[in-house]
Chemist: 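Dumping the structure here so I can ask a few things about it.
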Amino acid sequence: MSEPILQLRSVSKSFGAVQVLHDVDLTVRAGEVTALVGDNGAGKSTLVKCVAGIHPIDGGEILFDGDPVALHSPSDASRLGIEVVYQDLALADNLDIVQNMFLGRERGRPWLLDEADMEQAARRTLASLSVRTVTSVRTPVASLSGGQRQTVAIAKAVLWDSRVVLLDEPTAALGVAQTRQVLDLVRRLAEQGIGVVLISHNMADVFEVADRIATLYLGRMVAEVPTRDVTHGQVVELITAGRSGDLGLARPEGVVGQ
Amino acid sequence: MTAPETHKSAAEKAGPGNRAADFGIDTTARTTGEAIRGYLRGLRNGELGSLPALLGLAALFVLFTILDSGGTFPSLLNLANLLQQGAGRTIIAMGLVFVLLTGEIDLAAGTASGLAAALMALHLVSGGNMLGAMGGFVFAVLIVAMLVAAALAIWVRVWAGAVVSVLTAAILLVGVPANPWIEMLLAVGVGVVVGCLTGFLVARVGMPSFVVTLALFITWQGVILQLIGDGGTLGLRDPVINAVANGNLSTVGSWVLFVVAAGGYAAVKLLQQRARLHKGLVAQPTGLVLIKVGAVVVLGAVATFLLTQDRSPGVIAISGIPYVVPIVLVLLVLGTYVLDRTRFGRHVYAVGGNREAARRAGIDVVRIRAAVFVISSAFAAIGAIVYSSKVGSVSPAAGGGNTLLFAVGAAVIGGTSLFGGRGRVSNAVIGGAVLATVENGLGLLKQPAAVVFIITGLVLLLAAGVDVLSRRKSAAAGR
Ligand SMILES: Nc1ncnc2c1ncn2[C@@H]1O[C@H](COP(=O)(O)OP(=O)(O)O)[C@@H](O)[C@H]1O
Ligand SMILES: [Mg+2]
């Protein structure tokens with residue numbers, strides 16, 4: 001088993017009076033795909049946004065390469081090599097693919113961007129991911145299909161020397177062929193030594209690509225287990241009831257309605 | 001988008017070896033036919049750009065030339081006059097494009113320009129003694145406002161705005177004697193000060209720009225009235241300031257301008273094209289680039305030739321390209337460069353296209369949103385110099401009335417979207433030309449002001465309608 005890159009310890013997060021994350025632990029290892037599953041509203045997206053530096057955490061700590069880190073802004077996270085593909089894709093429709101991939105990290109001087117360098121790098125990255133759904137890297141994102149946008153968002157995340165990539169429901173809006181492609185992409189990222197966190201509702205997808213499965217139930221991490229040690233049914237039970245046999249919360253009823 | 005789908009399945013069968021090469025190989029250099037088809041597809045998807053405005057401009061020229069039986073409209077004197085009449089408000093519109101790109105509006109750009117004009121005129125008339133001209137209290141308020149603006153600019157990290165605001169306050173405090181160049185600098189400085197205040201309120205405090213600038217629109221109008229006095233006017237009796245909108249380049253100067261502008265445009269376009277082809281980047285077909293460059297050079301040469309002929313109906317000859325042309329050209333090149341080639345420009349588009357995406361990309365959204373108001377007001381002040389020069393004086397009505405509506409109209413008619421994210425500085429120039437032509441042509445046809453207003457309003461309505469339709473179409477094409 002490889003070294004953990006990213007570790008969350010007892011992370012808590014509230015929005016006003018509503019506590020969304022309760023003492024969540026999570027470990028992300030290099031070269032592994034960790035699936036993060038949970039019902040709608042379990043707090044998966046919130047967890048991702050905490051790691052991305054979008055939401056400050058209220059309690060607990062985040063360790064990167066074993067050292068505690070403070071993530072106050074998206075640039076803090078990207079400086080460490082943490083990249084996020086958001087559920088609500090963070091792409092600017094009016095910009096083209098290259099411009100989106102380099103947004104906020106343009107190459108060249110501030111007063112004279114190096115368009116050639118960016119365009120070539122974008123094309124290389126897309127090619128390295130074996131992406132073949134885009135006609136031209138200078139196409140505005142507005143005219144791309146859902147799958148193509150997802151591809152651009154993922155390529156954007158791996159353009160950098162990313163160590164950890166978190167994907168929030170990347171296949172939710174996709175057709176069969178496009179889902180296939182994104183899952184291949186996810187596997188390839190892990191093969192490149194990246195620590196991947198994949199959020200998905202599709203159990204078949206999760207069991208196909210994930211090395212470990214982490215389950216959130218009402219903002220609590222109820223189980224973090226190797227994929228081969230659990231069955232579909234157990235994971236579904238963990239998601240819906242917070243407990244399955246020995247796994248999960250001792251008294252899931254106790255947290256309901258809190 | 002069915003084409004990529006079929007393309008993809010073919011590639012899938014080809015196996016992993018061919019996959020990597022599959023991307024982008026045939027997409028860089030397109031043939032002219034493909035480029036034209038691509039352009040037409042873009043048009044159908046609502047990427048209209050300046051096309052409707054350019055067609056409208058051509059139609060208006062033909063229409064007025066036919067309708068104006070006296071032959072005044074197509075006369076050289078009138079065309080040169082048209083350029084000078086429209087330039088001031090067009091420059092305000094060019095600055096507004098930056099604000100519109102972020103999805104905001106600056107309703108105060110007009111009266112802010114009037115304020116810049118009033119302070120400029122006051123400084124000139126008083127020989128630089130502003131303290132004497134406006135009294136101790138008003139002077140103190142003005143200086144404090146400028147220093148506050150500088151502090152607020154620092155708060156939102158618009159460093160240039162802070163520096164210019166302090167410099168402007170210094171000019172007033174030191175009492176630099178009147179000098180046409182100092183006056184123009186002062187005007188731009190006042191614009192920057194106003195922009196820092198607006199930008200802070202919108203970007204940092206988070207008030208809707210519509211409300212902030214509506215309030216400031218009225219406020220600046222009051223300040224101008226206070227400074228000039230009801231019914232008063234301040235004369236701009238200075239040969240340099242007078243020449244800005246009324247003077248012309250010499251014949252030699254005109255041709256030098258042509259060579260620099262057209263030659264520069266051709267050189268930049270052709271070198272860029274060569275570099276893109278050389279590096280294997282996405283490029284337009286060379287034939288198309290050559291046609292574009294050729295058209296600009298030929299049209300420029302014809303216009304230069306015509307404008308260097310004597311166009312005076314009287315004895316004293318008038319010839320040469322009006323100064324406003326190089327002024328607008330320089331601002332156009334500058335604005336286009338900033339938006340297309342700099343990191344700042346890229347971030348302006350990003351903030352307008354998807355503010356949350358910009359924030360997540362680590363862009364300093366507050367700074368960008370504040371900075372566009374500084375740019376807008378600074379351009380408005382330059383516009384004020386031009387339109388004040390044209391009339392030769394500044395009245396309490398300066399920058400009021402429909403100045404702002406003309407400017408917003410010019411930007412939108414030229415193809416800048418009111419929803420943000422889409423637009424170019426050149427849109428404002430083209431749209432400004434359309435509105436100036438409507439006004440000028442209808443005036444020559446002896447139409448009353450009522451008709452001019454109604455037609456101008458309808459043209460604007462039409463442009464806004466095109467904006468909404470094209471937005472809807474491009475949204476539909478995205479899925
Ligand atoms: N910005 C926010 N402000 C307030 N509540 C929020 C915010 N974001 C998410 N929540 C709440 O947090 C809970 C978890 O949401 P989320 O993380 O999106 O769940 P998931 O992604 O697992 O479906 C939900 O109840 C949601 O309403
Ligand atoms: Mg979610």
Side-chain angles (χ1 to χ4, degrees), chain A residues 49 52-54 73-79 84 86 88-96 98-100 102-106 108-113 115-116 119-120 122-123 126-149 156 177-178 181, chain B residues 1 3-5 7-12 14 16 18-24 26-28 30 38 41-42 45-47 101 275-276 279-282 337-338 340-347 349-363 417 420-422 474-475 477-479:
Chain A
K49 285 178 181 164
I54 290 184
S73 74
S75 48
D76 288 342
S78 55
R79 212 170 299 127
V84 180
Y86 295 97
D88 43 345
L89 296 177
L91 298 176
D93 273 358
N94 56 335
L95 299 183
D96 66 32
V98 179
Q99 292 170 337
N100 264 294
F102 282 90
L103 193 57
R105 286 177 284 191
E106 292 81 4
R109 282 162 292 210
W111 37 270
L112 181 58
L113 299 177
E115 294 291 342
E119 188 174 323
Q120 284 165 339
R123 191 173 293 133
L126 287 165
S128 78
L129 296 172
S130 305
V131 168
R132 53 203 176 280
T133 54
V134 187
T135 46
S136 160
V137 287
R138 288 297 180 184
T139 311
V141 165
S143 59
L144 298 183
S145 70
Q148 291 172 322
R149 282 157 178 262
K156 178 183 178 181
Q178 291 172 330
Q181 222 166 350
Chain B
M1 295 295 297
E5 295 288 348
H7 181 55
K8 186 197 64 196
S9 49
E12 220 143 28
N18 284 345
R19 281 181 179 181
D22 226 47
F23 183 77
D26 54 344
T27 60
T28 49
R30 297 184 296 172
R41 186 170 348 108
N45 288 348
E47 293 153 29
L101 275 178
R276 295 198 77 88
K279 290 179 182 159
L281 304 177
V282 177
Y337 177 85
V338 166
D340 282 0
R341 308 300 290 272
T342 71
R343 183 173 297 171
F344 173 79
R346 182 67 39 84
H347 293 180
Y349 279 106
V351 169
N354 185 341
R355 198 190 295 172
E356 181 58 24
R359 195 172 80 85
R360 290 184 194 170
I363 293 173
S417 173
R422 217 148 31 87
S474 63
R479 297 298 131 157

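Here is the naming used below: chain letters follow the sequence lines, and residue numbers restart at 1 for every chain.
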Chemist: Measuring from A/Tyr86:OH to B/Glu356:CD, what's the distance to the nearest 0.5 Å?
Modeler: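 Between A/Tyr86 OH and B/Glu356 CD, I get 8.0 Å after rounding to 0.5 Å.
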Chemist: Please give me the minimum heavy-atom distance between B/Ala357 and A/Ala92, naming the atom from each residue.
Modeler: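 Smallest interatomic distance, heavy atoms only, reads CB-N, 4.4 Å.
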Chemist: If the condition is side-chain contact (heavy atoms from CB on, under 4.5 Å), which residues does A/Ala116 pass it with, not counting sequence neighbours?
Modeler: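 A/Ala116 satisfies side-chain contact (heavy atoms from CB on, under 4.5 Å) with A/Asp114, B/Lys279, B/Leu281 once adjacent residues are dropped.
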Chemist: Would you mind checking which part of B/Arg276 comes under 4.5 Å of any heavy atom in chain A, side chain (CB onward), backbone (N, CA, C, O), both or neither?
Modeler: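 It is the side chain, since no backbone atom gets that close.
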Chemist: Of the non-hydrogen atoms in B/Tyr349 and A/Leu95, which two are nearest, and what is the gap between them?
Modeler: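 Minimum heavy-atom contact is CB-CD2, 3.7 Å.
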Chemist: Assess the residue pair B/Arg341 and A/Arg109 against the criterion (side-chain contact (heavy atoms from CB on, under 4.5 Å)); give the C-alpha distance rounded to whole Å, side-chain angles, the decisive distance to 0.1 Å, and a yes or no.
Modeler: CA-CA 10 Å; B/Arg341 308 300 290 272; A/Arg109 282 162 292 210; over 6 Å; no
Chemist: For the pair B/Arg343 (side chain) and A/Glu106 (backbone), establish whether a donor and an acceptor sit closer than 3.5 Å, ignoring hydrogens and angles.
Modeler: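 Yes.
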Chemist: Within this structure, what is the CG-CZ distance for the pair A/Leu103 and B/Arg346, rounded to the nearest 0.5 Å?
Modeler: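 Reported value, rounded in 0.5 Å steps: 8.5 Å.
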Chemist: Distance-only, no hydrogens or angles: does the A/Glu119 side chain make a donor-acceptor pair with backbone N or O of B/Val282 under 3.5 Å?
Modeler: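 A pair under 3.5 Å: yes.
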Chemist: Taking side-chain contact (heavy atoms from CB on, under 4.5 Å) as the test, write out the residues that go with A/Ala77, two or more places apart.
Modeler: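 Applying side-chain contact (heavy atoms from CB on, under 4.5 Å) to A/Ala77 gives A/Leu71, A/Ile82.
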Chemist: How far does CG of A/Leu112 sit from OG1 of B/Thr342, to the nearest 0.5 angstrom?
Modeler: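 Output value for this atom pair is 9.0 Å.
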